[in-house]
Amino acid sequence: MKYLGLAYFTPEKFTALPPDAVKAIVSQCPAMDEKMRATGKVRVSASLGDLENWRTLRPRAGKTQITDGPYIESKEVVGGLFIIEADSHDEALRIAAMHPAAQIGEEGDWAVELIPIEFYLEP
């Protein structure tokens, strides 16, 4: 079974941290990401770009409407994603718990949401 992991953060809290604190947090991420990938179960891992470049596309009156920014009015936004292929839900949880957003970054309100994938199409 495949699972989608969404890594959330609160931009206002994270950007309010002193630069040295951000650097200290972010510097821990590569080793944690590598540990997660070393399981052999991670199919995709990505960090998302700056929020000011996000666009939302919606169907409106038979046309595609494009607007700026995240479509959800929320204090938290998705900052990264990953896909795990696990033999069980418990295994997926164990692997997702290795993600930096599940272990560090409490100051920026980091969190991981793990969602079973019903349909997955690979090229």
Side-chain angles (χ1 to χ4, degrees):
M1 178 89 181
K2 289 182 177 64
Y3 295 85
L4 172 64
L6 298 175
Y8 290 91
F9 74 107
T10 302
E12 293 79 20
K13 287 188 176 185
F14 198 66
T15 58
L17 295 172
D20 288 344
V22 172
K23 186 176 180 180
I25 292 168
V26 173
S27 70
Q28 298 175 64
C29 294
M32 292 178 170
D33 287 336
E34 181 53 38
K35 183 178 177 183
M36 208 171 113
R37 283 192 302 275
T39 65
K41 300 287 185 167
V42 178
R43 299 295 169 247
V44 173
S45 181
S47 291
L48 303 181
D50 293 328
L51 294 175
E52 65 257 8
N53 292 315
W54 287 27
R55 300 296 178 265
T56 300
L57 292 79
R58 291 188 177 129
R60 293 289 184 257
K63 295 182 181 178
T64 302
Q65 176 187 23
I66 301 173
T67 57
D68 290 346
Y71 78 97
I72 296 177
E73 293 296 326
S74 172
K75 65 178 184 163
E76 295 177 329
V77 296
V78 177
L81 63 94
F82 55 92
I83 294 177
I84 297 170
E85 186 165 0
D87 296 327
S88 70
H89 188 71
D90 287 342
E91 181 182 40
L93 286 169
R94 182 181 57 76
I95 295 167
M98 296 177 190
H99 191 278
Q103 295 189 31
I104 60 173
E106 184 175 340
E107 304 89 344
D109 255 356
W110 286 11
V112 170
E113 187 171 40
L114 190 64
I115 306 163
I117 295 175
E118 295 294 325
F119 173 78
Y120 183 86
L121 178 64
E122 290 187 42

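No experiment lies behind these values; they were computed from the predicted model shown.
The distance from atom CD1 of Ile84 to atom CD1 of Ile95, rounded to the nearest 0.5 Å, is 5.0 Å. In this structure, CZ on Arg58 lies 12.5 Å from OG1 on Thr64, to the nearest 0.5 angstrom. Atom CD of Glu76 is separated from atom CG of Leu6 by 11.5 Å, given to the nearest 0.5 angstrom. We find the NE2-CG distance between His99 and Leu81 to be 8.5 Å, quoted to the nearest 0.5 Å. Atom CD in Glu34 sits 4.5 Å away from atom CZ in Arg37 (nearest 0.5 Å).
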Side-chain donor-acceptor pairs of residues 104-121 under 3.5 Å, sequence neighbours excluded:
from   : atom 1 : to    : atom 2 : distance (Å)
Asp109 : OD2    : Thr10 : OG1    : 3.2
Asp109 : OD2    : Lys13 : NZ     : 3.3
Glu113 : OE1    : Tyr8  : OH     : 2.7

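Nearest heavy atom pair, residue Pro11 against residue Leu51, reads CG-CD1, 3.6 Å. Annotation for Pro100 and Asp33: closest pair CD-OD1, 3.2 Å, computed over non-hydrogen atoms. Taking all atoms of both residues into account, the shortest heavy-atom contact from Ala101 to Ala7 is CB-CB, 3.9 Å. For the pair Ser27 and Ala24, the tightest heavy-atom approach, listed with the atom from each and the gap, is OG-O, 2.9 Å.
Hydrophobic clustering (ILVMFWY, side-chain heavy atoms < 4.5 Å, transitive): Met36 and Val26 are in distinct clusters. Linking Ile, Leu, Val, Met, Phe, Trp and Tyr whenever their side-chain heavy atoms come within less than 4.5 Å leaves Val78 and Phe82 in two separate clusters. Under the 4.5 Å side-chain heavy-atom criterion for grouping Ile, Leu, Val, Met, Phe, Trp and Tyr, Phe9 is connected to Trp54 within one hydrophobic cluster.
Side-chain contact check for Arg55 versus Asp68: some heavy-atom pair is nearer than 4.5 Å. Residues Ile25 and Leu17 have side chains in contact (heavy-atom distance under 4.5 Å, counting atoms from C-beta outward).
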Practice problem: Please lay out, stage by stage, how Leu57 and Gln65 fare under the test side-chain contact (heavy atoms from CB on, under 4.5 Å). | Solution: CA-CA 6 Å; Leu57 292 79; Gln65 176 187 23; over 6 Å; no

Quiz item: Checking side-chain contact (heavy atoms from CB on, under 4.5 Å) for the pair Gln103/Met98: CA distance, chi angles, key distance, verdict?
Solution: CA-CA 7 Å; Gln103 295 189 31; Met98 296 177 190; 4.2 Å; yes

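Every ring pair (Phe, Tyr, Trp, His ring centres under 6.0 Å) that Tyr3 has, sequence neighbours left out, goes to His89. Listed by chain and residue number, nothing satisfies the salt bridge (charged side-chain N to carboxylate O under 4.0 Å, His left out) test with Glu122 (two or more places apart in sequence, or in another chain).
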